[in-house]
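Following: one structure in structure tokens, then a few remarks.
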Amino acid sequence: MVKINENYLKLPGSYLFSTIARKVKEYKEANPAANVISLGIGDVTLPLPAAVISAMHRAVDEMADKSTFRGYGPEQGYDFLRNAIAENDYKARGVDISPDEIFISDGAKSDSGNIGDIFSADNVVAVCDPVYPVYVDTNAMAGRAGDYDEKTGMWTNIVYMPCLEENGFLPQLPERRPDIIYLCFPNNPSGAAATKAELKKWVDYALENGSVIFFDAAYEAYITEDDVPHSIFEIDGAKRCAIEFRSFSKNAGFTGTRCAFTVIPDELKIGGVSVKSLWNRRHTTKFNGVPYIVQRGAEAVYTPEGREQTRALVAYYQSNARLIKSELAAAGFSVSGGVNSPYVWLKTPDGMTSWEFFDELLEKANVVGTPGSGFGPSGEGYFRLTGFGSAENTREAIERIKAVFCK
Ligand code: PLP
């Protein structure tokens with residue numbers, strides 16, 4: 001008889017955002033007059049840059065004409081986009097990445113989830129705690145995580161690296177040696193960023209131990225500080241031990257349009273096998289490419305107008321995040337993140353749990369955020385607020401939080 005992949009049965013329900021939605025719905029039903037503001041959004045809210053829209057309109061017209069119509073494109077992405085990325089995201093920062101080391105895809109979520117396909121199921125995986133849940137769940141699906149322990153909220157075979165206040169919310173080198181290390185900087189959910197020196201420590205560790213780093217740089221555009229690298233490949237030796245995931249979602253508003261890319265350098269070899277060639281095999285077998293129209297839109301991000309418009313989008317969210325951080329810090333809250341990130345990580349006051357604070361914030365301030373415990377055990381006692389809302393709502397939400405909690 002056919003058998004299912006039983007690893008899926010081990011997955012706990014994904015309750016975080018559904019529980020938030022249910023609680024908000026119930027509250028609104030009981031209090032129809034309440035004007036509830038969400039600072040919990042992890043999605044962008046402003047429209048695509050005008051340069052992207054024009055480029056996509058032009059591409060749509062090309063698709064309407066027999067002489068310029070395109071069918072299947074190269075699975076790895078069109079050269080025009082791979083070249084633009086190599087030139088602008090890497091060469092301009094002094095990093096030599098060739099276009100054929102870049103794989104265009106429909107998302108950093110899919111890529112960071114799918115990359116495990118080309119690695120053995122008996123590798124030991126390390127993640128930061130709190131963590132973007134995709135890394136953990138996709139390893140659980142692949143049978144790499146062991147069993148889920150309800151009591152601890154952890155998988156038995158995953159190495160959790162607690163990111164705590166005393167370490168600036170950065171992971172420390174783990175006691176148990178992992179084969180695969182997921183790093184996400186600037187971090188979701190904590191907003192913490194890793195300096196060059198910090199990333200060098202991880203690259204050296206991976207090279208020494210024969211590990212590979214999966215580096216998620218989905219929030220790279222939010223970096224404001226000079227000593228924070230935009231790419232792990234700015235670190236010497238990283239090309240021999242790292243894979244990088246990037247996305248157009250949070251810089252250019254592509255969350256609903258879908259375009260991202262993964263970089264696997266030629267130098268990354270495991271037991272003499274090129275990881276790039278394995279990924280190329282997987283990608284070309286299971287994926288038929290991002291739509292031409294969307295890739296033309298992504299290419300426009302690198303034009304002078306596209307850059308300026310993209311910068312303005314990011315600046316808008318950054319300014320919301322900065323305001324949340326500075327106002328709440330001035331009001332006596334313990335807050336971090338928000339400097340190189342759209343995310344602000346708030347320590348819940350008076351020892352409240354993340355969910356107790358959620359309820360109190362919803363009921364007394366009519367403001368919604370995301371409980372830190374939803375991202376892993378070390379997120380307990382923390383709360384994620386985001387800069388992705390409107391500037392007006394952000395200001396109003398901050399005033400309400402201050403009114404309730406800072407008497
Ligand atoms: N990586 C991280 C850390 C994220 O927070 C997100 C989205 O929230 C993604 C990846 C998803 O990116 P994409 O929209 O390209 O799939």
Side-chain angles (χ1 to χ4, degrees), residues 14 16-17 20 38-46 48 52 77 81 85 89 102-116 126-139 161 163 169-171 181-194 213-223 228 230-232 242-263 283 287 289-291 294-295 297-298 301 310 313-314 317 321 337-338 340-345 369-370 372 374-376 379 384-389:
S14 165
L16 179 61
F17 289 99
I20 292 173
S38 179
L39 293 188
I41 323 169
D43 194 357
V44 295
T45 50
L46 293 174
L48 291 168
V52 169
L81 182 55
I85 291 168
D89 282 326
I102 298 168
F103 294 83
I104 310 298
S105 78
D106 65 350
K109 184 180 195 173
S110 347
D111 284 354
S112 61
N114 290 329
I115 193 75
V127 297
C128 294
D129 171 24
V131 64
Y132 178 52
V134 172
Y135 313 149
V136 173
D137 288 2
T138 53
N139 277 292
M161 303 183 291
C163 297
F169 300 99
L170 295 172
I181 303 162
Y182 287 82
L183 296 178
C184 170
F185 292 114
N187 188 262
N188 177 17
S190 75
I213 296 172
F214 294 169
F215 190 74
D216 186 338
Y219 296 94
E220 162 277 331
Y222 290 80
I223 293 171
V228 176
H230 288 242
S231 162
I232 188 133
I243 292 174
E244 179 159 291
F245 306 101
R246 298 273 279 255
S247 172
F248 293 96
S249 283
K250 304 294 162 80
N251 62 343
F254 274 56
T255 52
T257 306
R258 313 303 304 147
C259 196
F261 58 93
T262 286
V263 180
H283 195 73
F287 187 63
V290 172
V294 172
Q295 291 192 56
V301 168
T310 304
L313 285 183
V314 171
Y317 302 132
N340 298 292
S341 166
Y343 297 126
V344 174
W345 196 231
T370 313
F375 297 98
R384 192 189 75 174
L385 297 171
T386 89
F388 286 126

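Remember, it's 1-based here, ligands and their atoms both numbered in the order they're listed.
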Handout entry: Listed partners of F214 passing ring-ring contact (aromatic ring centres under 6.0 Å, His included), at least two apart
Key = F119, Y182
Exercise for the section: Identify the protein heavy atom lying closest to atom 8 (O) of ligand 1, giving its residue, its atom name and the separation to 0.1 Å. Expected result: K250 NZ, 2.8 Å
Handout entry: Residues that S190 engages under side-chain hydrogen bond (donor to acceptor under 3.5 Å, both in side chains), provided they are two or more places apart
Key = N187
Handout entry: Y219 near ligand 1 by a heavy-atom separation under 4.0 Å
Key = yes
Fill in the blank from the handout: In this structure, atom 2 (C) of ligand 1 is nearest to the protein heavy atom D216 OD2, 3.4 Å
Practice task
Kindly assign one of parallel, tilted or perpendicular to the pair Y132 and Y135, based on the angle between their ring planes and the thresholds 30° and 60°.
Solution key: perpendicular
Practice task
Examine the side chains of D216 and S112 and answer whether a donor and an acceptor come within less than 3.5 Å of each other.
Solution key: no
Practice task
Examine A108 against ligand 1 and note whether any of their N/O atoms are separated by less than 3.5 Å.
Solution key: yes
Practice task
For atom 16 (O) of ligand 1, find the nearest protein heavy atom and state the residue, atom name and distance (0.1 Å precision).
Solution key: R258 NH2, 2.7 Å
Practice task
Quick one: look up the protein heavy atom nearest atom 14 (O) of ligand 1 and list residue, atom name and how far away it is.
Solution key: S249 OG, 2.6 Å
Exercise for the section: Could you tell me whether ligand 1 has any atom less than 4.0 Å away from a heavy atom of T255? Expected result: no
Handout entry: N/O separation below 3.5 Å, S247 to ligand 1
Key = yes
Handout entry: Parallel, tilted or perpendicular, as decided by the 30° and 60° cut-offs, for the rings of F254 and F248
Key = tilted
